[in-house]
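In what follows, a single structure is set out as structure tokens and then discussed.
Every number for a ligand or one of its atoms is a count from 1 in the order of the listing.
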Amino acid sequence: MCGIVGIVGKSTVNQTIYDALTVLQHRGQDAAGIVTVDMNAFRLRKANGLVKDVFEPKHMQRLQGNAGIGHVRYPTAGSSSASEAQPFYVNSPFGISLAHNGNLTNTIELAESLVTKRRHVNTTSDSEILLNLLADELQETRSLTLSADEVFDAVAKVHAQTRGAYAVVAMIIGQGLVAFRDPFGIRPLVLGKHETPTGTEYMVASESVALDAVGFEVMRDVAPGEAVYISLDGQLFTRQCAADPSYAPCIFEFVYFARPDSSIDKISVYASRVNMGAKLGEKIKKEWEDHDIDVVIPIPETSCDIALEIARCMDLPYRQGFVKNRYIGRTFIMPGQLERKKSVRRKLNAINTEFKGKNVLLVDDSIVRGTTSEQIIEMAREAGAKKVYFASAAPEIRFPNVYGIDMPTSNELIAHGRDADEIAKIIGADGIIFQDLSDLIEAVRMENPEIKRFETSVFDGHYITNDVDQAYLDHLTQLRNDDAKANRSKDIGTNLEMHNVCHP
Ligand SMILES: O=P(O)(O)OC[C@H]1O[C@H](OP(=O)(O)OP(=O)(O)O)[C@H](O)[C@@H]1O
Ligand SMILES: NC(=O)CC[C@H](N)C(=O)O
Ligand SMILES: [Mg+2]
């Protein structure tokens, strides 16, 4: 789940984009990049690492200009090579730079079509394919100055060819910034503005929290299939570019990915998590009528708001039994299982007095590979817990994700082909309870009933784009299981390193 940002401003935007990226860091910890437009040239810095490590003062000085885009990466396609960090660049037409959150499902077909169009894609990234598709459609216009409608027509043609999930921001040299969202709105995208004495500045970002942090006012979410074009002189244009758009935002944004202080598609992420806690609390009370739980303990950080509501609902004490090392990032979005496994104990430590002699209910937002739950239950027992129960605010995750969450292989999912008792046994819990999918959907939907459906494939195996079959999932397994990724990372550095020319 990457984070994207784009700004057309009235003064230098490098620091604002940097600040916005730090606020979106929870969406991608592997790589970061910024491109700005300075006089008619792109200035680029991208590399593997966290935002604070990628951009040194010398890079920031280079990133001059009043417009730019930025990206934080969590790879879901290609490799984790620095050359696949984003934004990507292509020099024709005009010079275009693009950043993408999501994952395409017809990359093979698209890559083949690009060959027939004599376009070269140098990496294994789906985002570079998307950039070339957009470039090819813009090339068709033959105009030296693009009108908003020409840009929108190009986006419409990209929609017509592309399958999967994509929230995109692209900068076109000498023209403007275009941002668009896939026809189902699977990945989020929000538009905002900032009034200055010299005119209005516009910004797009993955989450509203990025706008809040840099003093922009949220205008609205970009609709599914819609495109936003901001010319470099600061005019805003919008148009629906998809033939048949309909809302189906990814429900996992609300469960785990997004920050609680963000609002996506008019749904407060925080409120939806509190609702998840209320629904799950009711279910526990109903199904475990004679429970012997003494205390509810969250597994920091995402589940804290959920656990607090479960405790309130069950009339039980809520205790912060685990302390989180604030210098360690999110474990689930780390690239390899070994690293993820090692990180749990480095990240979380138990406060023994909260566990000693007690029956505890540990709460997490979700159980994916079981990396966290297995180790955390062990830690609770080591800290002296008598019984350890486990509650998950999301249902069992049984199916791979193909839309920008790196869960490509069903075999790596602990709930795949297993029932609750078997899962409890593996993670060592005395009892386990999962949220029902209908309750999860209701918990999110009640904040905006206008949204009739969500993208829920990881729970029910129904892929909203209708193009995902078993053959595709098998192909994905081959490509992106943990071993395949580890092997591919040995290739790092073999791509063209034309992305970081360093001016002394
Ligand atoms: O079953 P698993 O494969 O372990 O994945 C699920 C866990 O990973 C996430 O936490 P993470 O540490 O990434 O982030 P957080 O601090 O935001 O909770 C999520 O909140 C669960 O705790
Ligand atoms: N998580 C994402 O949004 C990933 C974007 C893109 N598919 C990449 O791997 O770089
Ligand atoms: Mg967690």
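Protein neighbours of ligand 1 below 4.0 Å, counting non-hydrogen atoms: Tyr256, Pro300, Glu301, Thr302, Arg330, Thr331, Phe332, Lys347, Asp364, Asp365, Ser366, Ile367, Val368, Arg369, Gly370, Thr371, Thr372. Using a 4.0 Å heavy-atom criterion, the residues that approach ligand 2 are Met1, Cys2, Arg73, Tyr74, Pro75, Thr76, Ala77, Gln86, His100, Asn101, Gly102, Asn103, Asp126, Ser127, Gly404.
For the pair Arg330 and Tyr256, the distance from NZ or CZ to the six-membered ring centre is under 6.0 Å and the angle to the ring normal is within 45 degrees. The cationic atom of Lys46 (NZ for Lys, CZ for Arg) lies less than 6.0 Å from the six-membered ring centre of Phe88 and within 45° of the ring axis.
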(request) Under the side-chain contact (heavy atoms from CB on, under 4.5 Å) rule, what do Glu374 and Val344 come out as? Steps first, then yes or no, please. (result) CA-CA 10 Å; Glu374 192 176 345; Val344 176; over 6 Å; no

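Between the Asp419 side chain and the Glu422 main chain, a donor and an acceptor come within less than 3.5 Å of each other. Not one N or O on the side chain of Ser366 forms a donor-acceptor pair closer than 3.5 Å with the backbone of Val368. Asn91 contributes no side-chain N or O that, together with a main-chain N or O of Gly95, makes up a donor-acceptor pair within less than 3.5 Å.
Side-chain contact, Tyr18 with His59: no donor N or O sits under 3.5 Å from an acceptor N or O.
Ring-plane geometry between Phe459 and Phe252 is classed as tilted, the angle between the planes lying from 30 to 60 degrees on a 0 to 90 degree scale.
In this structure, Phe42 has its ring center closer than 6.0 angstrom to the ring center of Tyr89.
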